[in-house]
**Q** 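Please see the structure below; I have some questions.
In this chain, residues are counted from 1 in sequence order. Numbering of ligands and ligand atoms starts at 1, following listing order. Just so you know, these numbers use all the heavy atoms, side chains as well, and skip hydrogens, waters and symmetry mates.
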Amino acid sequence: MNARYSKKHVVIVGGGFAGMACARELAKSSDVQVTLIDRNNYHQFQPLLYQLATAELGSSDVATSLRQSLSRYANVEVVMVEVTAADPKTRTVTTGKGESYQGDFLVLAAGSQANFFGTSGAQENSLPLYSVTEAQRLRSRILAVFEDADRDPKLCDQGALNFVIVGGGPTGIEVAGALADMIRFTMAREYPNLAVKRPGIYLVDHGQALLGPFPAEAHEYAARVLQRKGVQLRLGTAVKEVAADHVLLSDGTSIPTRTVIWAGGLLASPLAANAGLPRGHGGRIAVRPDLTVENFPGVYALGDFANIPSPDGETLPQLGSVAQQCGTWAAKNILAEIAGGSRTPFYYRDKGIMAMIGRDAAVAAIGKKRHELDGPIAFAAWLGVHALLMSGVREKVEAFIDWAWNYFGRSLPVQVLDRSDESRINWGDDIQSGSSKAASAATSVR
Ligand SMILES: Cc1cc2nc3c(=O)[nH]c(=O)nc-3n(C[C@H](O)[C@H](O)[C@H](O)COP(=O)(O)OP(=O)(O)OC[C@H]3O[C@@H](n4cnc5c(N)ncnc54)[C@H](O)[C@@H]3O)c2cc1C
């Protein structure tokens with residue numbers, strides 16, 4: 001037992017769905033003291049990030065104070081600091097400030113980041129969507145290109161109003177649909193001098209179908225809805241290079257743009273590489289069915305940070321529902337260990353997956369059944385599928401209802417450009433980098 005604590009001490013890294021669920025479950029026991037460490041002082045609700053990016057919601061709608069959420073538990077302390085390394089043998093983590101936290105149990109739930117798969121220029125020039133900060137940057141970029149193009153419409157020839165989304169999974173589909181609706185319903189009214197009715201929204205994926213994890217029929221439905229909204233699909237095409245002013249595709253096409261949204265895949269957060277633990281696909285920590293790490297007693301890895309085996313021999317998907325359920329399960333296993341009992345293998349209750357495609361369509365896969373949903377039913381189903389994720393964050397339900405209300409009322413959200421996107425856009429000739437010149441030999445898209 002850690003001398004500083006009179007009870008068993010559990011250190012949790014990450015206040016996402018997994019870390020929060022684990023902390024909440026442990027907090028119910030008077031046998032443990034919990035330290036929850038996160039680099040932010042808030043829990044971010046990732047399923048609503050694209051609504052933040054498309055200015056349908058504000059930051060406070062998608063982020064909840066960790067302290068407030070956990071304030072009623074006297075045995076939970078929250079520390080806001082970046083963890084930079086972990087020593088799994090002693091169950092100790094070290095922070096960027098040089099402090100260390102040692103526990104009888106160590107729970108690693110630090111989530112994920114964008115995986116650029118080594119694509120040239122992607123890290124520097126594209127905008128991922130995995131955190132509140134990234135969503136704010138993207139929103140700022142979208143609003144900035146509209147303001148710039150309004151001032152100087154000739155910038156449209158440089159791709160000011162072209163948007164390229166990389167990745168045709170649920171995140172890419174949801175962003176594409178929301179962006180198409182934002183431009184059609186909001187920007188067209190706010191920028192009457194710009195011809196934005198037919199925006200240049202391109203969705204690129206190297207696979208031949210959208211929405212990989214969904215049943216086959218959903219792929220075509222998503223494609224139909226997006227095309228109806230004016231999104232141009234480039235399937236079976238890889239992104240070769242992302243430059244500051246264009247994207248180069250594997251078929252030789254170059255799309256001039258200042259807004260490349262990266263939804264191309266996930267990699268475990270950088271801490272995974274510094275944790276001295278076995279890693280697998282996506283750089284995630286390999287765990288046993290009971291969520292512990294082999295050969296490291298008392299160490300658990302959860303959610304997007306871990307490859308969690310499923311009974312069919314595959315690994316469970318990176319989903320909020322998986323993260324939340326395994327957080328609760330890990331806490332129960334820890335309490336069982338403390339009580340001298342035995343741990344049990346994690347059982348995931350699959351409530352289904354769902355993707356909204358703009359304001360009026362959605363596709364859901366629940367069990368073996370696929371559902372295509374329109375209008376208010378789509379919103380109701382989203383609430384149903386996400387109800388558990390929202391439990392404990394009541395304000396998120398309110399935010400979602402506000403968002404739905406805005407959608408149906410066609411009301412205009414406030415488009416405040418707060419310049420979260422620090423890198424101002426350079427429209428000058430000096431942008432012609434070596435790679436840009438090379439790309440000018442490629443087929444160009446307007
Ligand atoms: C745009 C988008 C939409 C999504 N939509 C859905 C959906 O509709 N339904 C669904 O089920 N899932 C959805 N997901 C997936 C779901 O959000 C994730 O699977 C889930 O958030 C994973 O939870 P987690 O607790 O493992 O990680 P996270 O929620 O990412 O939490 C990790 C936490 O760790 C903290 N952290 C990371 N590194 C450090 C460090 N070094 N030091 C300190 N703190 C650190 C982070 O700040 C963060 O708070 C979506 C994801 C995205 C990006």
Side-chain angles (χ1 to χ4, degrees), residues 11-23 35-54 62-64 66 78-86 93-97 101 107-114 128-135 138 165 167 169-175 178 213 261-275 282 284-285 301-306 308 316-328 330 348 350-356 362 364 381-383 385-390 396 400:
V11 174
I12 302 175
V13 181
F17 289 114
M20 279 286 274
C22 188
T35 301
L36 178 76
I37 308 176
D38 199 294
R39 60 157 79 102
N40 300 311
N41 74 343
Y42 53 82
H43 163 84
Q44 49 200 9
F45 196 85
Q46 286 185 345
L48 291 177
L49 281 184
Y50 75 88
Q51 289 89 333
L52 172 59
T54 51
V62 300
T64 319
L66 287 172
V78 175
V79 181
M80 190 189 84
V81 71
E82 173 103 20
V83 171
T84 48
V93 293
T94 313
T95 74
K97 306 267 180 219
Y101 294 83
V107 178
L108 298 170
S112 48
Q113 58 180 338
L129 188 59
Y130 297 107
S131 67
V132 168
T133 317
E134 289 171 349
L138 175 55
I165 298 150
T171 301
I173 299 295
E174 291 191 324
V175 179
I261 303 166
W262 195 269
L266 289 176
L267 192 65
S269 287
L271 178 62
N274 300 334
R284 290 180 279 271
I285 307 294
L302 308 177
D304 280 12
F305 201 65
I308 303 173
L316 291 171
Q318 281 68 58
L319 282 173
S321 44
V322 173
Q324 191 179 53
Q325 290 181 36
C326 76
T328 307
Y348 172 55
D350 187 356
K351 299 276 193 300
I353 46 175
M354 184 166 175
M356 295 285 302
W382 195 97
L383 267 180
V385 169
H386 292 82
L388 273 178
L389 278 187
M390 293 190 179
K396 298 295 159 284
F400 184 80

**Q** Run down the list G172, S112, P170, G320 and name the one with the heavy atom closest to atom 12 (N) of ligand 1.
**A** G320
**Q** Quick one, L267 and S112 - any side-chain contact, counting heavy atoms below 4.5 Å?
**A** no
**Q** F17 versus ligand 1: do any nitrogen or oxygen atoms come within less than 3.5 Å of each other?
**A** yes
**Q** Of all the atoms in ligand 1, which lie at a distance below 4.0 Å from a heavy atom belonging to D304?
**A** 18 (C), 19 (O), 22 (C), 26 (O)
**Q** Is there a protein heavy atom at a distance of less than 4.0 Å from atom 21 (O) of ligand 1?
**A** yes
**Q** Can you tell me which residue and heavy atom of the protein come closest to atom 9 (N) of ligand 1, and the distance to 0.1 Å?
**A** H386 NE2, 3.2 Å
**Q** Check whether any N or O atom of Q44, backbone or side chain, sits under 3.5 Å from an N or O atom of ligand 1, and answer yes or no.
**A** no
**Q** Going by the order shown, which atoms of ligand 1 are within less than 4.0 Å of some heavy atom of A18?
**A** 25 (O)
**Q** Are any of the heavy atoms in Y50 under 4.0 Å away from ligand 1?
**A** no
**Q** Based purely on interatomic distance, does E174 place a nitrogen or oxygen under 3.5 Å from a nitrogen or oxygen of ligand 1?
**A** no
**Q** Find all atoms of ligand 1 within a distance of less than 4.0 Å from any non-hydrogen atom belonging to Q318, and give their numbers and elements.
**A** 15 (C), 19 (O)
**Q** What is the nearest protein non-hydrogen atom to atom 13 (C) of ligand 1, stated with its residue, atom name and distance?
**A** P47 CG, 4.0 Å
**Q** I need the nearest protein heavy-atom contact for atom 35 (C) of ligand 1: residue, atom name and distance, please.
**A** D38 OD2, 3.2 Å
**Q** Any nitrogen or oxygen of R39, main chain or side chain, under 3.5 Å from a nitrogen or oxygen of ligand 1?
**A** yes
**Q** Got an N/O contact under 3.5 Å between Y130 and ligand 1?
**A** no
**Q** Hey, which atoms in ligand 1 end up nearer than 4.0 Å to a heavy atom of L129?
**A** 1 (C), 53 (C)
**Q** Using a plain distance cutoff, I'd like to know if F305 has any nitrogen or oxygen under 3.5 Å from a nitrogen or oxygen of ligand 1.
**A** no
**Q** If we count only N and O atoms by modelled type, under 3.5 Å, do the side chains of S321 and Y348 hold a donor and an acceptor together?
**A** yes
**Q** Would L48 count as a contact residue for ligand 1, given that I'm defining contact as a non-hydrogen atom of the residue lying under 4.0 Å from a ligand atom?
**A** no
**Q** Report the member of A323, G327, A301 with the shortest heavy-atom distance to atom 23 (O) of ligand 1.
**A** A323
**Q** Could you point out which residue of L66, I12, V11, V78 forms a side chain to side chain contact (heavy atoms under 4.5 Å, CB included) with I37?
**A** V11
